[in-house]
Protein chains: 2
Amino acid sequence: MPLAAEPIGVDQAGEVAIAFKALSDPVRVRLLSLIASHPGGEAYVNNLIAAFDLTGPTISHHLRVLREAGLIGCQRRGTWVYYWVVPTMLERLSEVLSIPAGSRATD
Amino acid sequence: MPLAAEPIGVDQAGEVAIAFKALSDPVRVRLLSLIASHPGGEAYVNNLIAAFDLTGPTISHHLRVLREAGLIGCQRRGTWVYYWVVPTMLERLSEVLSIPAGSRATD
DNA sequence: CGCCTGTGTAGAAGACTGTCAATGTAAGCA
DNA sequence: TGCTTACATTGACAGTCTTCTACACAGGCG
């Protein structure tokens, strides 16, 4: 349900805000984009760490925030840990921000 | 350009993160929804304050954050100040989160 | 002019966040 | 078993955020 269609409920506003908070850091936005745009839809941590001027623990922390927000999933395969995006969550957020047709007013 | 289409640039990630940070608080999500879904697309501050268990200055602060993020605009008309949403900004964020067709992988 | 209402600003307290160094855990290999 | 690599957790520090109280500004009205 788009945010602009009707006043959002308190509970749903809280859930949505948690997801947006996970996206409120440039590093996490880039991480999500790197994972989502990776060939095959997956990426492993070592590649992600190499893309930033940050230490491993910091990237690990950001990945955890994204995971706890339900935006990405992960799985260990042998030594490496693979991450992938959860498309349904992104789509839900995208819909929340969409503008319903015919609801535009003074701009 | 959707976030999942290709790795997002550092600059754009920063801009997008600022907008998402503005949406990372439940109060601001509800404020934006109240303004966007208001008949006529506008709302004035007194009504917004009445919808929360928060003081006027706190609502004023949140409105400023939304305004500085480019998500809403405002104008004084006599004694009252009216707020409205900026649809282009919401649409841009919605597009960033959208999933390009055919890019879904292991879920 | 002076008063009241509506709205924003300033400053401060407390909680939260991003980052790091140090340490811990898990898997592969000799 | 012991060593090495890959990744996560812990604890700490500096900075930021949310919220409040107190105050200031702007506009209408007597």
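Since this is a predicted model, take the numbers as computed values, not measurements. Below, chains carry the letters A, B, ... as their sequence lines are ordered, and counting in each starts from 1.
- Within residues 9-19 of chain B, no residue approaches DNA chain C, by heavy-atom distance under 4.0 Å.
- Heavy-atom contacts of chain A under 4.0 Å fall on DNA chain D between two terminal nucleotides, which in 5' to 3' order are D:dA6 to D:dT9.
- In this structure a side-chain-to-backbone donor-acceptor pair under 3.5 Å is present from A:Ser37 to A:Ser33.
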Output a table of nitrogen or oxygen pairs between the protein and nucleotides 4-11 of chain C separated by less than 3.5 Å.
residue, atom, partner, partner atom, Å
C:dT7, OP1, B:Val81, N, 3.4
C:dT7, OP2, B:Asn46, N, 3.0
C:dG8, OP1, B:Tyr83, OH, 2.8
C:dG8, OP2, B:Ser60, OG, 3.3

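- Under a hydrophobic-cluster definition in which Ile, Leu, Val, Met, Phe, Trp and Tyr are linked whenever side-chain heavy atoms come within less than 4.5 Å, directly or via other members, B:Leu23 and B:Leu34 are assigned to the same cluster.
- Regarding B:Asp25, its CG atom lies at a distance of 14 Å from the C1' atom of C:dT17, rounded to whole Å.
- When atom types are taken as modelled, the side chain of A:Ser24 and the backbone of B:Lys21 share no donor-acceptor pair closer than 3.5 angstrom.
- At a threshold of 4.0 angstrom between heavy atoms, the contacts of B:Ile59 with the nucleic acid are absent.
- Between B:Phe20 and A:Phe20, the two ring planes are parallel [angle under 30°; tilted spans 30° to 60°].
- Here A:Arg77 does not reach the OP1 or OP2 of C:dA27: none of its side-chain N or O atoms lies under 4.0 Å away.
- Considering every non-hydrogen atom in both B:Trp84 and B:Ile35, the closest pair reads CA-CG2, 3.6 Å.
- In this entry the distance linking NE2 of A:His62 with P of C:dT19 reads 4 Å, nearest Å.
- One finds the CD1 atom of B:Ile72 at 15.5 Å from the OH atom of B:Tyr82 (value rounded to the nearest 0.5 Å).
- Checking A:Ser94 against B:Ser94 by side-chain atom types alone, a donor-acceptor pair falls below 3.5 Å.
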